[in-house]
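Reviewing the structure listed below.
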Amino acid sequence: MTVDTIGWDTTQRRAFGELTARSWLDADFRLRYEREPLSVLAEYNLRLADGAVAPTLPPEPGAELVIEILDGSEALPPPPPCLLSLCFCLYTPTPGE
C-alpha cells in the first residue's frame with residue numbers, strides 16, 4: 001500500500017512526510033516503524049482504515065537531506081499547501097569544483 005492509495009488528506013500526507021524524513025535520519029526509528037507501524041503512525045495522528053496495510057517507507061535519498069521546519073512563525077508568509085513537505089535538491093558537482 002502506498003500513501004497515494006490510502007486516501008489521506010493533505011495534513012495526513014504532510015505528517016507521513018515528516019515521519020519519513022525522521023526515519024531517514026534515525027535508524028532506530030525506522031526499525032521501530034518496520035516492527036510496529038500502527039503505533040508509530042498513531043504518534044503522528046495517522047490512522048488506517050480497518051484491514052488497510054501500513055505504507056512502506058520510501059528508500060533513503062542518495063543525496064544530502066536538508067530539513068527545514070516551516071511553521072509559519074517566520075516573517076514571510078507560510079508556503080502554499082502541498083501534498084508532501086519534502087524537497088529533494090540534487091546537486092552534482094562538475095569536475096574542478
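Values reported hereafter were calculated over all heavy atoms of this structure, with side chains retained and with hydrogens, waters and symmetry mates removed.
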From OG1 (T11) to OH (Y44), nearest 0.5 Å: 15.5 Å

pair P59-W24: side-chain heavy atoms closer than 4.5 Å: no

Roughly how far, to the nearest 0.5 Å, is CD of Q12 from CG of L41? 10.5 Å

I need the Y33 OH to D26 CG distance, nearest 0.5 Å. 15.0 Å

Of the non-hydrogen atoms in F29 and L19, which two are nearest, and what is the gap between them? CE2-O, 3.6 Å

Closest heavy-atom pair and its distance - R30, S23: NH1-OG, 3.4 Å

How long is the gap from CG on L38 to CD on E43, to the nearest 0.5 Å? 11.5 Å

Is it true that a side-chain atom of W8 and a backbone atom of L48 form a donor plus acceptor pair closer than 3.5 Å? no

Presence of salt bridge, R13 and E18, under 4.0 angstrom: no

